[in-house]
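Fair warning: this is a prediction, and the values are worked out from it, not measured in the lab.
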Amino acid sequence: MPPPGALDMVALLNARLLRVRGRPKRARTRARILAATAEEIGVSGYPALTVERICARAGMARGTFYLYFSHRSDAAMAVYRLFWATMRRWRPRHLAVNLSERVRMTNAFYVATYARNQHLLGGQIALASERPDFALVRDTVNHRWAQVIARILPASLGDDARVLRARALAGMVDELLRDIYSQPSPTLAHWRDQPLELAHHISEIWLAVIRRDA
């Protein structure tokens, strides 16, 4: 199981339902739709997501859904935007510790969060193939994250080279985690229950790249 500190998006969205109880009806209903959408993707995956299933889980009429979103993909995009924003707020920022520990803490958080949200995150590929605008937004988010990573790469490299290497590192991790959690590979199945060890080896690869030109 992922460590307790891992971000659980479905749990957070359900907790949000309690916080908006005193808010206007529109805010409460939208929160219910987003929580139900995240739960449905987490249970059945994005390809199986339907407006009917969202409404059944949220306990509302189909017509109510369309007052807030025009398509299932719009609700899914809203969930992913919230996920990315939450990741930015929750990611470790312990700048006082040394570089190696910062890399290890960041990767431990990301791997644990991916493990806990594996079905939800696995839906991004299908949604991106359906919605080019989502693919563009996702690319922008990935680029911004690469710029954050690039700050810890050797200063001897040019800015473009640092961002490119950061995108390569992040892409490697995402593909590996998809093969372990979202689209399980039989040869990697034993890593599913070892998120901390997995994060350790990913960090060792990162540190080897970071230190190479330092």
Side-chain angles (χ1 to χ4, degrees), residues 1-60 64-65 68-69 72-94 104-128 134 137-138 141-142 145 148 170 173-174 176-178 180-184 191-199 202:
M1 291 293 292
L7 186 161
D8 185 330
M9 196 60 191
V10 170
L12 285 175
L13 288 174
N14 282 324
R16 191 166 172 247
L17 292 178
L18 300 177
R19 295 199 302 274
V20 299
R21 278 182 175 175
R23 300 275 301 279
K25 182 179 179 181
R26 184 168 184 82
R28 300 197 310 270
T29 303
R30 192 175 191 278
R32 282 168 59 201
I33 292 172
L34 294 182
T37 300
E39 285 193 72
E40 280 298 318
I41 298 174
V43 171
S44 305
Y46 178 74
L49 183 70
T50 64
V51 173
E52 289 81 1
R53 295 180 73 158
I54 294 171
C55 292
R57 187 174 287 274
M60 65 179 58
T64 302
F65 175 91
Y68 296 82
F69 299 100
R72 65 168 190 156
S73 61
D74 293 322
M77 285 180 65
V79 168
Y80 286 117
R81 284 179 179 273
L82 272 174
F83 177 82
W84 296 332
T86 306
M87 282 285 286
R88 284 197 301 273
R89 291 197 302 270
W90 280 43
R91 67 181 175 84
R93 286 182 172 83
H94 299 283
R104 295 182 197 284
M105 291 165 64
T106 298
N107 282 323
F109 168 73
Y110 188 66
V111 171
T113 295
Y114 198 106
R116 184 152 289 178
N117 300 273
Q118 54 192 270
H119 299 300
L120 178 66
L121 295 179
Q124 294 181 101
I125 302 299
L127 179 56
F134 175 74
V137 171
R138 185 164 173 258
V141 169
N142 286 341
W145 177 234
V148 172
V173 173
D174 281 341
L176 180 64
L177 295 182
R178 279 197 300 272
I180 293 173
Y181 294 107
S182 301
Q183 301 166 348
W191 286 104
R192 289 176 62 86
D193 299 321
Q194 303 179 67
L196 292 179
E197 185 70 10
L198 176 60
I202 289 171

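Scanning all heavy atoms of the two residues, the minimum distance from Arg28 to Leu17 falls at O-CD2, 4.5 Å. Leu34 approaches Val79 most closely through the heavy-atom pair O-CG2, 3.5 Å. The minimum heavy-atom distance linking Asn14 with Glu39 is given by the pair OD1-OE2, 3.4 Å. Nearest heavy-atom pair, Leu127 versus Ala76, reported as atom, atom and distance to 0.1 Å: CD2-CB, 4.0 Å. Of all non-hydrogen atoms in Asn117 and Leu7, the two that sit nearest each other are ND2-O, 2.6 Å. Across all their heavy atoms, Arg72 and Tyr46 have their closest contact at NH1-O, 2.9 Å.
When side chains are defined from C-beta on, Trp84 counts as touching Val137, because their heavy atoms get closer than 4.5 Å. At least one side-chain heavy atom of Arg138 sits less than 4.5 Å from a side-chain heavy atom of Ile125. Taking the side chain as every heavy atom from C-beta outward, Leu82 and Met9 approach each other to under 4.5 Å.
Arg178 places no side-chain N or O within 3.5 Å of a backbone atom of Gly122 that could act as its donor or acceptor partner. With Arg192 contributing its side chain and Tyr181 its backbone, the two residues share a donor-acceptor pair below 3.5 Å. For Glu40 (side chain) and Thr37 (main-chain N/O), no donor-acceptor pair under 3.5 Å exists by modelled atom type. Between the Asp8 side chain and the Arg116 main chain, no donor and acceptor come within less than 3.5 Å of each other.
At most 12 non-hydrogen atoms from other residues, nucleotides or ligands lie less than 6.0 angstrom from CZ of Arg81.
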Could you go through Val141 and Phe83, starting from their C-alpha distance and side-chain angles, then the distance that decides it, and tell me whether this counts as side chain to side chain contact (heavy atoms under 4.5 Å, CB included)?
CA-CA 11 Å; Val141 169; Phe83 177 82; over 6 Å; no

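Expressed to the nearest 0.5 Å, how far CG of Leu120 lies from OH of Tyr80 amounts to 4.5 Å. Between Leu49 atom CG and Ile54 atom CD1 the span is 4.0 Å, to the nearest 0.5 Å. The distance from the CD1 atom of Ile180 to the CG atom of Leu198 is 4.5 Å, given to the nearest 0.5 Å. Atom CD1 of Ile33 and atom OG1 of Thr64 lie 7.5 Å apart (nearest 0.5 Å). Atom CG in Asp174 sits 3.5 Å away from atom OH in Tyr110 (nearest 0.5 Å). Separation of atoms CG (Leu12) and CZ (Arg19) is listed at 7.5 Å; rounding is to 0.5 Å.
Taking the six-membered ring for Trp and thresholds of 30 and 60 degrees, Phe69 and Phe65 have ring planes inclined between 30 and 60 degrees apart.
Geometrically, Arg91 does not engage Phe109 in a cation-pi contact defined by less than 6.0 Å to the ring centre and at most 45° from the axis.
Shown here are the salt bridge (Lys or Arg N to Asp or Glu O under 4.0 Å) partners of Glu52, two or more places apart in sequence or in another chain: Arg62.
For Trp191 and Tyr114, the gap between ring centers reaches or exceeds 6.0 Å.
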